**Q** 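Can you read through this structure? Questions will come right after.
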Amino acid sequence: MTAPQQDVRVRFAPSPTGKLHIGGARTAIDNWAFARANGGKFILRIEDTDPTRSTEENTQIILRALRWLGLDWDEGPEVGGPYGPYKQTDRMDTYAAALEKLKSEGKVYPCFCTKEELDAKRAAAESNGGSYTGYDRTCRSIDPAEAQRRIDAGELHVWRLKVPEDHAAIEFDDAVYGHMSFPADVMDDMILVRSDGTPTYNFAVVCDDTNMRITHVIRGDDHLSNTPRQILIYEALGYPVPTFAHLSMILGADGKKLSKRHGATSVEEYRDQGILPDALVNFLALLGWSLDGETTIIPRDVLCREFSLDRITRKDAVFDEKKLDWMNGHYIQAMGAPAWVEAATPWLIEAGATAEDIAARPDWYARVYPLVAERLARLNEIPAKLAYLFWGPRVELDEKSVKKVLKKEGSRADEVLRAARAIIADESIEWACDPLQDTVHTLCDTFELKPKFVFQPIRVAVCGNMVSPPLFESIELMDRADVVARIDQTLKDVFGD
Ligand code: GLU
């Protein structure tokens, strides 16, 4: 663990152009954990300056996903804070002020080149076999008085940064990538403010990170190439440059960049599949970071104590769904019955329960938990695994199980079922797992059959298939009359009784 740093302020800055993706969630977790580990502040900022792709609905989806993950922000939308507002479209005056400062210091210039002119320059550069190395600085040499006259005449223009001619290489020490150096002479005179007055991404981010007193910028390495550009803007504005930490890419199991092809990619999708927030936070925290190179179960409190930038690797991280399943299974086993019933409610309802029933007899549902606690990777497996508990007197027989178990040549399944029915219907036997199971077990001797040939037919007749959770632990949770009725139905449907 690194020594706590003074006044750490980090931010997660999603653009609300879609749902919260796994990569974004990992970035959020790393920022959050870093803030917590250092007694700092975790700030949420909505980067909605792209009006064509940003929506309020997406903002709400992202906020909901962050809340579901349990990543509480200290400043940001809904909670406010001393450096707000926390939405870029509400901060336009701050970008305008920064532009005025740069204008007054002669560090920017208006550019009147039209899109057509720029496209033509690009095409010409490319047709000569070369590549376009950026804006050719045509407007940089326009006399300021002349430029002002054109602006006053209403000519459309953008504002570009005047990258210093003699600038040395742009260098910084990335907390993950180490020392980085970018030649300054290939830096474009980048646009800071568009012709409609809106700031570009690089300009807005530098203004915001400065005004929000951000000390560490922890973000995806897809922004690595933006960093030298942003440093030039910091320098022009005379602002201190924060520490950068760029996080490696997340790859699918096939080594390709994680995308829709790999399946679910948004936090919501994993939530809807019954991944627990604790498991997802633990899993995503380990994409690129490790506690000690081997520990895999890292609860939130440990993460919030131990997270450090020096244990982030620059190696690409691989998203392994199987590991996520394993980890989720672990958290399901560790969560205990009451929390499970609450988390599992939507899927229990899908299985056949009702919200009223869950509220009315939580203890019964708590007894369901041990039946499946060790058998669930994701909560959305609940309907398939537990629907039989909610069928009442009817059973939905699985064809394959009927064939393999009940109709198995020489199995005597019909005789076993008739005898088991008599035991199960016998009111003198206590309705509890052990006495029922022990009594039914005597049929092994009666029929000279291995236990499997006694229990499997009952399992199919009561639970519908041959792979259900433990049989008599399930049966004791049902009504005697219902279980008897299911065996009767099976005897009738399969054996014509
Ligand atoms: N809004 C940017 C994005 O969603 C993040 C910018 C940053 O972290 O600097 O990719």
Side-chain angles (χ1 to χ4, degrees), residues 8-35 41-63 65-66 69 71 73 75-77 83 85-92 94-95 98 172 174-177 180 190 192 194 198-234 237 239-250 257-259 265-267 284 288 309 312:
V8 161
R9 291 178 58 84
V10 290
R11 83 310 194 268
F12 175 53
S15 305
T17 53
K19 294 177 176 163
L20 181 59
H21 281 248
I22 286 305
R26 192 267 310 255
T27 301
I29 290 166
D30 285 8
N31 276 284
W32 172 80
F34 183 67
K41 295 274 189 267
F42 173 53
I43 292 129
L44 177 61
R45 178 172 77 226
I46 302 298
E47 303 209 320
D48 60 346
T49 46
D50 179 350
T52 53
R53 296 171 62 224
S54 303
T55 68
E56 178 55 28
E57 192 193 348
N58 285 332
T59 299
Q60 290 309 322
I61 290 173
I62 292 169
L63 298 192
L66 289 170
L69 284 169
L71 305 180
W73 52 98
E75 296 173 25
Y83 302 103
Y86 293 91
K87 222 173 160 181
Q88 287 188 326
T89 46
D90 294 336
R91 302 178 63 81
M92 289 302 176
T94 65
Y95 313 128
F172 62 97
D174 188 275
V176 177
Y177 278 77
M180 304 293 289
M190 73 201 92
L192 302 187
R194 302 184 191 96
T198 59
T200 56
Y201 157 71
N202 281 318
F203 188 48
V205 161
V206 169
C207 294
D208 291 345
D209 285 343
T210 301
N211 291 330
M212 294 180 179
R213 314 287 195 272
I214 299 303
T215 57
H216 297 71
V217 171
I218 306 170
R219 62 183 171 198
D221 69 2
D222 49 331
H223 288 293
L224 196 52
S225 61
N226 284 321
T227 302
R229 295 191 169 81
Q230 291 177 12
I231 289 176
L232 288 173
I233 303 174
Y234 279 107
L237 285 162
Y239 294 158
V241 179
T243 299
F244 292 96
H246 287 93
L247 308 172
S248 65
M249 205 136 68
I250 301 178
K257 188 172 186 267
L258 193 69
S259 73
T265 51
S266 71
V267 168
L284 293 178
L309 297 181
I312 296 179

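Atoms within each ligand, like the ligands themselves, are counted from 1 in listed order. Owing to the predicted nature of the structure, the values given are computational and were not obtained by experimental measurement.
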**Q** Going by the rule side-chain hydrogen bond (donor to acceptor under 3.5 Å, both in side chains), which residues pair with N211 if we only count those two or more places apart in sequence or in a different chain?
**A**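 Here no residue qualifies.
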**Q** Could you list, one pair per line, each nitrogen or oxygen of ligand 1 together with any protein nitrogen or oxygen closer than 3.5 Å, giving atom names and the distance rounded to 0.1 Å?
**A**
residue, atom, partner, partner atom, Å
ligand 1, 1 (N), A13, O, 2.7
ligand 1, 1 (N), S15, OG, 2.9
ligand 1, 1 (N), E47, OE1, 2.5
ligand 1, 4 (O), S15, N, 3.4
ligand 1, 4 (O), S15, OG, 3.3
ligand 1, 8 (O), R11, NH1, 2.8
ligand 1, 8 (O), R11, NH2, 3.4
ligand 1, 9 (O), R11, NH2, 2.8
ligand 1, 9 (O), Y201, OH, 2.8
ligand 1, 9 (O), R219, NH1, 2.8
ligand 1, 10 (O), H223, NE2, 2.9

**Q** Among all residues two or more places apart in sequence or in another chain, which pass the side-chain hydrogen bond (donor to acceptor under 3.5 Å, both in side chains) test with Y201?
**A**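 Checked Y201 against side-chain hydrogen bond (donor to acceptor under 3.5 Å, both in side chains); matches are R219, H223, Q230.
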**Q** Parallel under 30°, tilted from 30 to 60°, perpendicular over 60°: which one fits the rings of Y234 and F244?
**A** perpendicular
**Q** side-chain hydrogen bond (donor to acceptor under 3.5 Å, both in side chains) with R229: which residues, sequence neighbours excluded?
**A**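 Per chain and number, R229 pairs via side-chain hydrogen bond (donor to acceptor under 3.5 Å, both in side chains) with no residue.
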**Q** State whether the side chain of N31 and the backbone N or O of F12 hold a donor-acceptor pair below 3.5 Å, judged by distance alone.
**A** no
**Q** Can E75 and R9 be counted as an ion pair, charged N to O under 4.0 angstrom?
**A** yes
